[in-house]
Engineer: 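Below you'll find the structure I mean.
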2 protein chains.
Amino acid sequence: MDLKTQTRYNARAEIVKAIAHPTRLFIVDELAGGEKCVCELTKMIGADISTVSKHLSILKNAGIVQIDKRGTQVFYQLKCPCILRFFDCVESVLKETAREHIAIVD
Amino acid sequence: MDLKTQTRYNARAEIVKAIAHPTRLFIVDELAGGEKCVCELTKMIGADISTVSKHLSILKNAGIVQIDKRGTQVFYQLKCPCILRFFDCVESVLKETAREHIAIVD
DNA sequence: ATTTTTATTGGCTATTTGGCCAAATAGCCA
DNA sequence: TGGCTATTTGGCCAAATAGCCAATAAAAAT
C-alpha cells in the first residue's frame, strides 16, 4: 500500500472514528431532528457537560457537524445528513447477526 | 437516556468501531471487488500477517464479513455491501472540509 | 460591576487499542 | 510421519481514548 493510499484511508478513518462511539451516534441521531444546544444534549445523555462538549468537538473537528453560537448557547447541527443512511446499514448488520444467533439456538 | 437506548447505541457503536481503522476500511474496500484470502490482503497491506488476521477477526465479530475456509486458506467476503454506500458519504464530508479550507486561504 | 448561565479546556487516571514477535493450530503433500 | 504453508492466538508494550473534576471564558441578567 503506497503512502498516498495510506493517507487517503487515514483521512477516511478519522471521520468514521468520530462517530464510532455510542454517545456520538446518539448525538448524530438526535441532530437528525434538527439543531440542539449543548445543554439539551447533556440532559438527554446524562453525562457531565464537559464530556458531552468534548464529544461534540470531536464531531465538529471531523466536519460532521457545525455550530451556531447564539447568546450563551451553542447550537450544533448536522452538516452531512447522508450519515443517517449509514445507520440503516448498521441496523441491517445487527438484524442479520441476531437472526443467525437465533438460527443456532433453534 | 434509558438502559435500553444505551444498549442499542452500544451495539451500533461496536459495528462502527469495527470499520473505524484505516486498514479495516481498506480491507472492506478491497472485498467490495470480491473475496480475498488473508495472505492476499496481507501482501497488499504490508503489515504482519498476525496484525491483518486480527483486523479481519474484528470485522468478522462485528458481522461485517464472513469466511469460507478452503484448504489451508481462509477467504473473507463482505456480508453487507451496503457499507460501501457509506464511503461515499465519508468522501463527501472530506471534500466539503477541503473546500472550506481552500475558501479560507483564498 | 458582580453574578449567573452556558460552554470549553486542562489535568488526571483507568481502560482500550494496535502492532509486533513467538507459539500454537490446521490442512496438504511427499 | 514430517515438513510446509496459511492462519490464529497470547503476551507484551506504547499510544490513544474516555470520563470526571476543577479552572477558565464569554455573553446575559441583575
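Letters go in sequence order (proteins before strands), and every chain restarts at 1. Values below: every heavy atom of this structure, side chains too, minus hydrogens, waters and symmetry copies.
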Engineer: Do B/Asp48 and B/Lys54 sit within salt-bridge range, that is, some charged N less than 4.0 Å from a carboxylate O?
Structural biologist: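 Here B/Asp48 does not pair with B/Lys54 in a salt bridge, since their nearest N and O are not under 4.0 Å apart.
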Engineer: Distance from A/Cys82 atom SG to B/Glu91 atom CD, nearest 0.5 Å?
Structural biologist: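 The CD atom of B/Glu91 is 11.0 Å from SG of A/Cys82, to the nearest 0.5 Å.
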Engineer: For residues 42-60 of chain B, which residues have at least one heavy atom under 4.0 Å from DNA chain D?
Structural biologist: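 Of all residues in residues 42-60 of chain B, the ones placing a heavy atom under 4.0 Å from DNA chain D are B/Ile49, B/Ser50, B/Ser53, B/Lys54.
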Engineer: Grab the NZ-P distance between A/Lys17 and C/dT16 for me, whole Å please.
Structural biologist: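 Rounded to the whole Å, the gap is 17 Å.
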Engineer: Does B/Glu96 come within less than 4.0 Å of B/Arg99, counting only side-chain N to carboxylate O?
Structural biologist: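 Salt bridge present between B/Glu96 and B/Arg99.
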Engineer: Check the distance between C/dG19's C1' and A/Met1's CE and give it to me in whole angstrom.
Structural biologist: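 Spelled out: CE on A/Met1 to C1' on C/dG19 is 14 Å.
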Engineer: Determine, stepwise, if the pair A/Met1 / B/Lys43 fulfils side-chain contact (heavy atoms from CB on, under 4.5 Å).
Structural biologist: CA-CA 9 Å; A/Met1 182 152 47; B/Lys43 260 178 234 147; over 6 Å; no
Engineer: Would you call A/Arg8-A/Asp2 a salt bridge at under 4.0 Å N-O?
Structural biologist: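 Salt bridge flag = no for A/Asp2 with A/Arg8.
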Engineer: As a check on the pairing definition, encode DNA chain C in dot-bracket form, counting Watson-Crick and G-U wobble pairs whose two distances are under 3.5 Å, and using | for partners outside this strand.
Structural biologist: ||||||||||||||||||||||||||||||
Engineer: Which parts of residues 67-80 of chain B get close to DNA chain C, meaning a heavy atom less than 4.0 angstrom away?
Structural biologist: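 Residues of residues 67-80 of chain B under 4.0 Å from DNA chain C: B/Gly71, B/Thr72.
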Engineer: If I compare all heavy atoms of B/Ala47 with all of B/Thr42, which pair ends up nearest, and what's the gap?
Structural biologist: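 Smallest heavy-atom distance, with atoms named: O-CG2, 3.5 Å.
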Engineer: What I'd like to find out is whether the side chain of B/Ile67 reaches to under 4.5 Å of the side chain of B/Phe75, using heavy atoms alone.
Structural biologist: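 Not touching, per the 4.5 Å side-chain cut-off.
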Engineer: Could you state whether A/Tyr9 and B/Ile58 fall into the same hydrophobic cluster, counting links through intermediate Ile, Leu, Val, Met, Phe, Trp or Tyr residues with side-chain heavy atoms under 4.5 angstrom apart?
Structural biologist: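 Different hydrophobic clusters.
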Engineer: Which pair of heavy atoms, one from B/Gln73 and one from B/Cys39, lies closest together, and at what distance?
Structural biologist: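 Taking B/Gln73 first and B/Cys39 second, the nearest heavy atoms are NE2-SG, 3.8 Å.
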Engineer: Using only heavy-atom distances, determine whether the side chains of A/Tyr76 and A/Asp68 contain a donor-acceptor pair under 3.5 Å.
Structural biologist: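 A/Tyr76 vs A/Asp68: no donor-acceptor pair found between side chains.
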Engineer: Any residue in residues 19-40 of chain B with a heavy atom nearer than 4.0 angstrom to DNA chain C? Just list them by number, or reply none.
Structural biologist: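 Hits under 4.0 Å, by residue number: B/His21, B/Arg24.
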Engineer: Can I get a per-line list of side-chain donor-acceptor pairs under 3.5 Å for residues 14-28 of chain B, giving both atom names and the distance, sequence neighbours left out?
Structural biologist:
unit_1  : atom_1 : unit_2  : atom_2 : d
B/Glu14 : OE2    : B/Lys17 : NZ     : 3.3
B/His21 : ND1    : B/Thr23 : N      : 3.0
B/Arg24 : NE     : B/Ala18 : O      : 2.5
B/Arg24 : NH1    : B/His55 : ND1    : 3.0
B/Arg24 : NH2    : B/Lys17 : O      : 3.2

Engineer: Could you check whether B/Glu100 pairs with B/Lys95 (Lys NZ or Arg NE/NH1/NH2 to Asp/Glu carboxylate O, under 4.0 Å)?
Structural biologist: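 Looking at B/Glu100 and B/Lys95, the cut-off is not met.
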Engineer: Test of understanding: with disulfide bond (SG atoms under 2.5 Å apart), list the residues that count as partners of B/Cys37, not counting sequence neighbours.
Structural biologist: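 So B/Cys37 forms no disulfide bond (SG atoms under 2.5 Å apart) with any residue.
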